[in-house]
A.B. asks: 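I have a structure here, written as structure tokens, and I will follow up with some questions on it.
What you see is a predicted model; the values in this text were computed from it and never measured. Start at 1 and go down the list; that is how both ligands and their atoms are numbered.
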Amino acid sequence: MDPLEFSRAKKAYNQSQKVCVLTGAGVSAESGVPTFRGTDGLWKNYNPMELATLEAFRRDPVLVWEWYQWRRQLIRKCAPNPSHFAISQMEKEKEHFLLITQNVDGLHKKAGSSKVVEIHGNIWEVKCMSCGANFMEEGDFEKLPPECGKCSSFLRPNVVWFGESIPREALETSIEALSSCDLLIVAGTSGYVQPAASFAQMAAKNKAVVMEVNIEKTPNAELVDHFFLGKSGEILSALVSEK
Ligand code: BV8
Ligand code: ZN
């Protein structure tokens with residue numbers, strides 16, 4: 001990491017009053033959670049359009065639930081990593097702060113983040129396909145698909161599938177923060193999935209400084225002010241540590 005570039009970014013972070021952070025699967029990679037498009041990517045063995053859609057669930061709820069149950073069992077063994085702790089530290093240091101995460105693994109909250117918008121939902125939450133019942137359930141389901149205790153319809157993971165809209169309040173809160181922050185840090189996202197993929201442009205358009213942390217270049221390369229090639233655990237920790 002170029003020390004001059006880093007000290008400039010460090011200065012920008014220290015001077016920022018309103019910080020917004022956008023994370024993707026890459027910040028959970030160091031916890032052992034497979035990413036979506038990386039070499040060990042989740043999508044490698046499955047086609048997202050096959051499984052992460054309402055149509056797929058309607059067509060084969062058992063198959064979709066087997067995939068989610070497998071992911072829940074895997075993620076349950078994962079602990080937050082330095083990326084998550086550094087971001088929860090930022091929330092403590094900055095009066096105006098919002099974390100927007102595309103991740104559904106719940107690791108940010110486990111690391112102490114509370115000002116979090118989970119724009120793609122949460123894999124530990126389930127909701128009823130009919131009556132709107134919606135609750136956390138961290139254990140395995142005996143029977144797949146699980147049925148609602150109230151009305152016996154199927155329960156589904158409370159995540160946003162492809163073709164489904166981001167919950168209105170989550171989107172509004174995110175857009176409000178992106179239009180008023182003076183610093184956006186984008187970490188661990190390949191920048192393909194909309195609407196999150198347009199968030200960096202939104203912040204840049206509002207004259208925020210945009211920093212990106214990734215182990216590879218992303219489509220945001222042109223518009224970021226600071227790009228750090230490396231692991232988010234190391235880079236985000238360094239950003240919040242030395243004063
Ligand atoms: C919407 C929850 C309006 C589920 C996810 C055709 C039909 C229908 C829709 C569309 C269409 N064409 C386009 C769309 C829009 C679609 C979309 O964007 N499709 C893409 C694929 C082209 N978007 C939607 O449908 C969204 N809704 O637009 O509503 C609408 C409505 C109807 C019709 C049209 C539009 C909803 C999208 C939400 C999908 N749900 N997840 C689940 O998890 O099961 S998306 C899924 O991908 C995850 O949430 C994940 O977070 C997300 C994005 O991926 P990344 O987080 O970026 O992860 P990835 O693996 O890709 O990258 C990891 C990165 O980390 C890499 O860059 C890697 O280099 C880096 N990295 C790895 N290790 C490290 C690291 N970086 C730093 N340190 C490390 N150690
Ligand atoms: Zn129900």
A.B. asks: Would you say F36 and ligand 1 have an N/O pair spaced under 3.5 Å apart?
C.D. replies: yes

A.B. asks: How does S190 reach ligand 1, if at all, at less than 4.0 Å between non-hydrogen atoms: by side chain, backbone, both, or neither?
C.D. replies: both

A.B. asks: Nearest 0.5 Å, what's the NZ-NZ distance between K94 and K115?
C.D. replies: 12.5 Å

A.B. asks: Within a distance under 4.0 Å of any heavy atom of T189, pick out the atoms of ligand 1 and give their elements.
C.D. replies: 55 (P), 57 (O), 64 (C), 65 (O), 67 (O)

A.B. asks: Just to be sure I read this right, does ligand 1 sit under 4.0 Å from the backbone of E30, its side chain, both, or neither, counting only heavy atoms?
C.D. replies: side chain

A.B. asks: Counting each atom of ligand 1 from 1 as listed, which ones have a heavy atom of G230 under 4.0 Å away?
C.D. replies: 77 (C), 78 (N)

A.B. asks: Classify the ring geometry between F141 and W65 as parallel (under 30°), tilted (30 to 60°) or perpendicular (over 60°).
C.D. replies: perpendicular

A.B. asks: Under 4.0 Å between a side-chain nitrogen and a carboxylate oxygen: does that hold for E55 and R59?
C.D. replies: no

A.B. asks: Let me confirm one number: the CG-OG1 distance from N220 to T189, rounded to the nearest 0.5 Å.
C.D. replies: 8.0 Å

A.B. asks: Establish, from distance only, whether the side-chain atoms of H226 and E5 form a donor-acceptor pair under 3.5 Å.
C.D. replies: yes

A.B. asks: Report yes if V213 has an N/O atom closer than 3.5 Å to an N/O atom of ligand 1; otherwise report no.
C.D. replies: no

A.B. asks: If you measure from atom 75 (C) of ligand 1 to every heavy atom of G26, P157, P195, which option wins on shortest distance?
C.D. replies: G26

A.B. asks: Under a heavy-atom criterion of less than 4.0 Å, does I215 contact ligand 1?
C.D. replies: yes

A.B. asks: Heavy-atom distance to atom 37 (C) of ligand 1: which of V33, N103, V193 wins?
C.D. replies: V193

A.B. asks: Within the 4.0 Å heavy-atom shell around A29, which atoms of ligand 1 are there?
C.D. replies: 73 (N)

A.B. asks: Does any N/O atom on N214 come nearer than 3.5 Å to any N/O atom on ligand 1?
C.D. replies: yes

A.B. asks: Between D225 and R8, is there a side-chain N and carboxylate O pair less than 4.0 Å apart?
C.D. replies: no

A.B. asks: Do other residues, nucleotides or ligands put more than 12 heavy atoms under 6.0 Å from the CD atom of E169?
C.D. replies: no

A.B. asks: Under 4.0 Å between a Lys/Arg side-chain N and an Asp/Glu carboxylate O for R156 and E164?
C.D. replies: yes

A.B. asks: Please report, to 10°, the angle around the Zn ion (ligand 2) from atom SG (C148) across to atom SG (C128).
C.D. replies: 110°

A.B. asks: Show which atoms of ligand 1 fall inside a sub-4.0 Å distance from at least one heavy-atom site of Y68.
C.D. replies: 4 (C), 42 (C), 44 (O)

A.B. asks: Within a distance under 4.0 Å of any heavy atom of T35, pick out the atoms of ligand 1 and give their elements.
C.D. replies: 60 (O)

A.B. asks: Specify whether F6 and F228 have parallel, tilted or perpendicular ring planes, treating 30° as the upper limit for parallel and 60° as the lower limit for perpendicular.
C.D. replies: perpendicular

A.B. asks: Atom 17 (C) of ligand 1: which of Q102, K231, K217, Q194 has the nearest heavy atom?
C.D. replies: Q194

A.B. asks: Does K92 make a cation-pi contact with F97 (under 6.0 Å, within 45 degrees of the axis)?
C.D. replies: no

A.B. asks: Go through K110 and D105 one step at a time and tell me if the salt bridge (charged side-chain N to carboxylate O under 4.0 Å, His left out) criterion holds.
C.D. replies: CA-CA 10 Å; K110 252 190 169 167; D105 56 33; over 6 Å; no

A.B. asks: With respect to atom 33 (C) of ligand 1, which of A25, G163, S165 exhibits the smallest heavy-atom separation?
C.D. replies: G163

A.B. asks: Using a 4.0 Å heavy-atom cut-off, say whether E164 meets ligand 1 through its side chain, its backbone, both or neither.
C.D. replies: backbone

A.B. asks: Considering I119, V160, L22, L51, which one's heavy-atom position lies nearest to atom 40 (N) of ligand 1?
C.D. replies: V160

A.B. asks: For W67, is at least one N or O under 3.5 Å away from an N or O on ligand 1?
C.D. replies: no

A.B. asks: State, with a plain yes or no, whether a side-chain heavy atom of V27 is found less than 4.5 Å away from one of T101.
C.D. replies: no

A.B. asks: Just checking, any donor-acceptor pair under 3.5 angstrom between side chains of S28 and H108?
C.D. replies: no

A.B. asks: Under 4.0 Å from any heavy atom of G24, which atoms of ligand 1 are there?
C.D. replies: 56 (O)

A.B. asks: Which atoms of ligand 1 are found less than 4.0 Å from any heavy atom of G188?
C.D. replies: 63 (C), 64 (C), 65 (O), 76 (N)

A.B. asks: Under a 4.0 angstrom heavy-atom cut-off, which atoms of ligand 1 come close to R71?
C.D. replies: 42 (C), 43 (O), 44 (O)

